[in-house]
Amino acid sequence: MIRIYNTLTKEKEEFHPLEPGKVRMYVCGMTVYDFCHLGHGRVLVAFDVITRYLRHRGYDVHYVRNITDIDDKILRRADENGEVYTDLTDRMIHAMHEDEARLAVLPPSEEPRATAFIDDIIAMIQRLVSTGHAYPADNGDVYFAVESFPDYGKLSRKKLDDLVAGARVDVQEAKRSPADFALWKAAKSGEVSWQSPWGDGRPGWHIECSAMSTKCLGDTFDIHGGGPDLLFPHHENEIAQSECATGHKFVHTWMHAGAIRVNKEKMSKSLGNFFTIREILEKYPAEVVRYFLVSSHYRSQVDYSEESLAEAGRTLTKLYHALRGLIPAKASEVEETEHDRRFEDVMDDDFNTAGAISVLHAVAGEINQHRRDGNEDEASRAAAVLVRLGAVLGLLQQDPEAFFQVGGSEGLSPKDIEAMIQARADARKARDFAEADRIRDELLEKGIILDDSCEGTSWRKA
RNA sequence: GGCGCGGUGGCAGAGUGGUUAUGCAGCGGACUGCAACUCCGUGUACGCCGGUUCGAUUCCGACCCGCGCCUCCA
């Protein structure tokens, strides 16, 4: 039985999808005006693992992750760059797909874009206007009337009075209440716009997710996820719009990832302390970054640091060492082990990936023991277990040699390295250990570590 | 100020009312020509103070500290 922490109820609940065996999940994706940073990466990887695990447990998962490709920030950035906004969004969507692929994030089942759903967005706003939950204002915008929805604040636990009193919200003459938010924004001259009953304009920030999720998954669906900073106001507003428009409960389980921090502060656009995924991937192998993300629970805050990434690299190296030189048995031919059961036990508990990784280490230890005992057959069966459990976390799917030797060495081709290894082997055979060690040291200086074994010598990047 | 989350061994990070997390680093041993890899062994960790209990790191209360949201941000 899978249990999931639901932000709406603030409790871990047994997970029962609305339709047995089927999971309908929506995750807020990117607003595409810049490269993805590690915070985006965390959400991408977290929900990728969740999807993989739900499928592993036999659910048919329909995973929708949107792209918001029209918005103030996009228009501003395109303007700064002096380009058509669609050129910017096309470029960023392409970059995002590259980042995802490198992090081994599987594509969602559907990836709807806001600009392809303008008709649905307008239809939803019309429904809200006609039922009195929204109103066109004098400035040409259409606003959601927050006070028309008594449940407003149920997700973020905020009281409307506090929000208004806080006065941090955008004070707008045109709004009836300061907490009201825009569903439709009137176009300024020269801006991209779509026709609507309220004049030319474009959607406000939150409505696109309500329209797309409802269109793709129905009025009510199982899981809605996203980053921690979307909880308010974005998700709160989505609930208000959707429940008022459809008259049904919007989402059963709300899931929010924890923040990535840098020096104890949240990594964020506004603080400017963010590292883009591609920046990080210049310094660390993608799987190491993924391992780092998966090694803590998806809801906990996690500090990004060079040291943490380095440690993740050392640890992942150890796991691949267990697989190196082994041909894993066919996973389908290896029956369920107690490791599989333990893995499911911990993952069933709100996707405890940290616990799951400890199972991976237990399996690796078992492989190494079998190998040491010369029990190749058992080792290859255990390797199959390691690879199949790794797959659920999106780890350990590479050929170990590819992992160890990624990129080769500066100035040395794999061929050069092999030649030096052979020269060292000859020296060792002649018991010229000074020469053998000289060669090993020379390679080490160039970032190559040698591992001897009874089958010969293999190398890896330091 | 309001709402919420958290403080676990040198570090990272799970978990539990009484029994081993796991990983990295360290130390001792085995293996090795020497290393690396691997294996074996090795650490009286649960912010502070009360309470409940036969027993609390785990439950309850207060306190201290850190973080997040309350405004665009994943």
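Everything quoted here is computed from the prediction, not taken from an experiment. So you know, we letter chains A, B, ... as the sequences are listed, proteins then strands, and number each from 1.
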With rounding to whole Å, what would you report as the distance between [N] and [M] at their [atom1] atoms?
| N | M | atom1 | value |
| --- | --- | --- | --- |
| rU32(B) | rC39(B) | C1' | 13 Å |
| rA12(B) | rC46(B) | C1' | 15 Å |
| rU16(B) | rC3(B) | P | 28 Å |
| rG6(B) | rG55(B) | P | 27 Å |
| rG50(B) | rC72(B) | C1' | 45 Å |
| rU19(B) | rG10(B) | C1' | 26 Å |
| rC64(B) | rC48(B) | P | 15 Å |
| rG68(B) | rG41(B) | P | 42 Å |

Point to revise | Base of rG15(B) paired with side chain of D349(A) (donor-acceptor, under 3.5 Å) | key: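 Counting by modelled atom types and ignoring angles, no donor-acceptor contact under 3.5 Å is found here.
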Review point. Looking only at N and O atoms, is any donor in the side chain of D452(A) or the base of rA35(B) less than 3.5 Å from an acceptor on the other one?
Key: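 Flag set: donor-acceptor pair detected.
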When the distance from [atom1] of [X] to [atom2] of [N] is rounded to whole Å, what number comes out?
| X | N | atom1 | atom2 | value |
| --- | --- | --- | --- | --- |
| W254(A) | rG4(B) | CH2 | C1' | 17 Å |
| R261(A) | rA12(B) | CZ | P | 11 Å |
| D437(A) | rA36(B) | CG | P | 12 Å |
| R314(A) | rC37(B) | CZ | P | 11 Å |
| N66(A) | rA74(B) | CG | P | 11 Å |
| R372(A) | rG41(B) | CZ | P | 12 Å |
| Q301(A) | rA74(B) | CD | C1' | 14 Å |
| M267(A) | rC73(B) | CE | C1' | 13 Å |

Contact class for [X] (heavy atom, under 4.0 Å): base, sugar-phosphate, or nothing?
| X | value |
| --- | --- |
| I260(A) | base |
| F433(A) | base |
| R460(A) | sugar-phosphate |
| S270(A) | base |
| H37(A) | base |
| I449(A) | sugar-phosphate |
| G258(A) | base |
| E265(A) | sugar-phosphate |
| S296(A) | sugar-phosphate |
| R424(A) | base |
| R371(A) | nothing |
| R440(A) | base |
| D229(A) | base |

Where do [X] and [Y] come nearest, in terms of heavy atoms and distance?
| X | Y | value |
| --- | --- | --- |
| L38(A) | F292(A) | CD2-CE2, 4.3 Å |
| R388(A) | T337(A) | NH2-N, 4.2 Å |
| I239(A) | F250(A) | CA-CD2, 3.9 Å |
| I70(A) | I74(A) | N-CD1, 3.5 Å |
| A379(A) | R371(A) | CB-CG, 3.8 Å |

Practice item. Determine which pairs satisfy salt bridge (Lys or Arg N to Asp or Glu O under 4.0 Å) with at least one residue from residues 6-15 of chain A, sequence neighbours left out, and list them in order. Key: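 Sorted result for residues 6-15 of chain A: K12(A)-D349(A).
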Ignoring the backbone of [X], work out which of [options] is nearest its side chain.
| X | options | value |
| --- | --- | --- |
| R428(A) | rC69(B), rC34(B), rG13(B) | rC34(B) |
| L230(A) | rU38(B), rC24(B), rA74(B) | rA74(B) |
| A259(A) | rC24(B), rA74(B), rU38(B) | rA74(B) |
| Q369(A) | rG33(B), rC39(B), rG13(B) | rC39(B) |
| E311(A) | rC37(B), rC24(B), rG4(B) | rC24(B) |
| H321(A) | rC73(B), rA14(B), rU38(B) | rU38(B) |

Are OP1 or OP2 of [N] and a side-chain N or O of [X] less than 4.0 angstrom apart?
| X | N | result |
| --- | --- | --- |
| W205(A) | rC73(B) | yes |
| K266(A) | rC69(B) | yes |
| S300(A) | rA14(B) | yes |
| K318(A) | rC24(B) | yes |
| N352(A) | rG15(B) | yes |

Check your understanding: Under 30°, 30 to 60°, or over 60°: which ring-plane class applies to H206(A) and H234(A), parallel, tilted or perpendicular?
Key ->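 Correct class here is tilted.
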Revision key, fill the gap. Dot-bracket assigned to RNA chain B with the 3.5 Å Watson-Crick/G-U criterion, [ ] for crossing and | for other-strand pairs, is (((((((..(((.....[...))).(((((.......)))))....(.(((..]....))).))))))))....
Practice item. On RNA chain B, check which nucleotide each of G365(A) and A362(A) is closest to and give me the residue with the more 5' one. Key: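 Mapping each residue to its closest nucleotide by heavy atoms, the 5'-most match is A362(A).
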Practice item. Nearest-nucleotide wise, let me know which of V346(A) and M30(A) is further upstream toward the 5' end of RNA chain B. Key: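 The 5'-side residue here is V346(A).
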Salt bridge between [X] and [Y], side-chain N to carboxylate O under 4.0 Å?
| X | Y | result |
| --- | --- | --- |
| R278(A) | E98(A) | yes |
| K158(A) | E236(A) | no |
| D151(A) | K154(A) | yes |
| R460(A) | E401(A) | no |
| D303(A) | R261(A) | yes |
| R290(A) | E287(A) | no |

**Study point:** Sub-4.0 Å heavy-atom contacts from residues 43-54 of chain A onto RNA chain B, ordered by number
**Key:**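 V43(A), in order of number.
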Review point. Stepwise, does the salt bridge (charged side-chain N to carboxylate O under 4.0 Å, His left out) test hold for D437(A) with R440(A)?
Key: CA-CA 5 Å; D437(A) 290 351; R440(A) 188 171 63 197; 3.5 Å; yes
